[in-house]
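First the structure, in the form of structure tokens, and then the observations on it.
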Amino acid sequence: MLAVRRVTLRDIRLPLKEPFRISSGVTTDRHILVVELHDADGTAAWGECVADDAPNYSPETIETCRLAIRNWLAPVVLHRRFATAAEVRAALEPGVRGHRMAKAAIEMPMWALEAEQRQLSLAALLGGARAEIPVGISLGIEPSPAALAAKAVAAREQGYRRVKLKIMPGADVEYVAAVRRAVGADLPLSVDANAAYTPADADHLAVLDAFGLVMIEQPFEPDDLRRHAELQHRLRTPICLDESITSPARAEDAVALGSARIVNIKPGRVGGFQAAREIHDVCAAHGIPVWCGGMLESGIGRAHNVALASLANFSLAGDLSPSARYWERDIVTPEWTMSGDGLVSVPRSRAGLGVTVDRDRVDDLTTRLEEIDA
Ligand code: OSB
Ligand code: MG
């Protein structure tokens, strides 16, 4: 029985080792809304919200998530008992449209709580069987093609199974060409535009077919499913959708329209684990492979994502880089690591997240604290 008595919201600031630039903005310090649920019997469970300060990836921000959690979502879990975490998604829907990142930030730690209570790993509770997951790296936009190529070569040497390059108009073909030349023909490469192009760029994007990319992620605006389908019909390279896939129904629409041959699932983007599992199943039923994306999560979010990526249809490398790629020191122990051949181990032998949150470190990093009680 899941009976939450208190929700603690903490804003933390975690400086990135290096700034991370995508087409729509740059992150230097990651601001993270960390969520802690406290059960009636004293069990605590952790989650994190994937929203950032600005609405440049999705309409949601840390502030809109805090508002939604405080006013509408925390009250739902505080005033109800749930037999299983799988019921939480439906309970958060009535009266609250959208706000999927906020919903996920409440729904996902409910699964962690159930896993703790039942002494199961989060992966086992979600239905994942995989013991290891291939890891890809997402490289931000660099000042020059040569600088990006050097990063890509270093990533290959560290063992990453796939290298993704952020692109935007003015930083695309030349950059991809330089990287492909530097890493050789065999390394799986992909690009992610974060919606920086329009259908008028279709001819230009078609040039990317020459580089043998695994996928082109989210070239157009999230709502433009039909335009993605038109582009997909022109391209040999599979299109992968990230921002566009906000729900299981949206995933079905994208598949039916032919807008994507690959789907990026981020549970924190789609409203939580239940929605993520349903998207996974929709894609599996249509032969569409999925992979787990990242949002520069701390070790808490990484634990959630690694658990989800243990499900069967997560057959492509996930953006599940180890802690040391982002932080001088993570907020969990042990930190997340990657083997020399590019695998992250699913911590199946420990209950819950499989890592311990370093509460003292979280407290040190906290800039704002809010307790919400029943
Ligand atoms: O589109 O996948 C994205 C980071 C911030 C916002 C959007 C995206 C990303 C990444 C980072 O690609 C992947 C990671 O967490 O390492
Ligand atoms: Mg993306």
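As the structure lists them, so they are numbered: ligands from 1, and atoms in each ligand from 1.
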I need the C292 SG to L308 CG distance, nearest 0.5 Å.
5.5 Å
Which heavy atom of the protein is the closest neighbour of atom 6 (C) of ligand 1, given with residue, atom name and distance?
M295 SD, 3.7 Å
From N305, D330, L320, residue fulfilling side chain to side chain contact (heavy atoms under 4.5 Å, CB included) relative to W336:
D330
Quick look: K164 vs ligand 1, heavy-atom contacts under 4.0 Å, and the answer is side chain
Among V135, L316, L343, which residue meets the side chain to side chain contact (heavy atoms under 4.5 Å, CB included) test with R161?
L343
Would you mind telling me if ligand 1 is within reach of the side chain of T27, the backbone, both or neither, using heavy atoms under 4.0 Å?
neither
Are any of the N/O atoms on F20, whether in the backbone or the side chain, positioned under 3.5 angstrom from an N/O atom of ligand 1?
no
Report the part of I137 in contact with ligand 1, treating N, CA, C, O as backbone and CB onward as side chain, heavy atoms under 4.0 Å; options are side chain, backbone, both, neither.
neither
Protein N/O/S atoms closer than 2.8 Å to the Mg ion (ligand 2)
D192 OD2, E217 OE2, D242 OD2
So is K266 in contact with ligand 1, going by heavy-atom distances below 4.0 Å?
yes
Indicate yes or no: does an N/O atom of Y326 lie under 3.5 Å from an N/O atom of ligand 1?
yes
Does the pair D253 and R226 meet the rule for a salt bridge (charged side-chain N to carboxylate O under 4.0 Å, His left out), with working shown?
CA-CA 10 Å; D253 292 352; R226 189 164 64 87; over 6 Å; no
Around atom CD of E278, are there more than 12 heavy atoms from other residues, nucleotides or ligands closer than 6.0 Å?
yes
What do you reckon, does N194 have a nitrogen or oxygen under 3.5 Å from a nitrogen or oxygen of ligand 1?
yes
Are D242 and R269 close enough for a salt bridge, meaning some N to O gap below 4.0 Å?
yes
Salt bridge (charged side-chain N to carboxylate O under 4.0 Å, His left out) between R30 and E48, intermediate numbers included:
CA-CA 12 Å; R30 188 73 171 86; E48 80 177 79; 5.2 Å; no
Assess whether a salt bridge exists between D319 and R302, defined as any Lys/Arg side-chain N lying under 4.0 Å from an Asp/Glu carboxylate O.
no
For E174, I'd like to know if atom CD has over 12 heavy atoms of other residues, nucleotides or ligands within 6.0 Å.
no
Is ligand 1 under 4.0 Å from a heavy atom in the side chain of D242, in the backbone, in both, or in neither?
side chain
Just heavy atoms, cut-off under 4.0 Å: does S138 contact ligand 1 by side chain, backbone, both, or neither?
side chain
Does some non-hydrogen atom of E243 fall short of 4.0 Å from ligand 1?
no
Charged N to carboxylate O below 4.0 Å: is that the case for R227 and E230?
no
Do H228 and Q218 touch side chain to side chain, with heavy atoms closer than 4.5 Å?
yes
Close approach, K166 and ligand 1, non-hydrogen under 4.0 angstrom:
yes
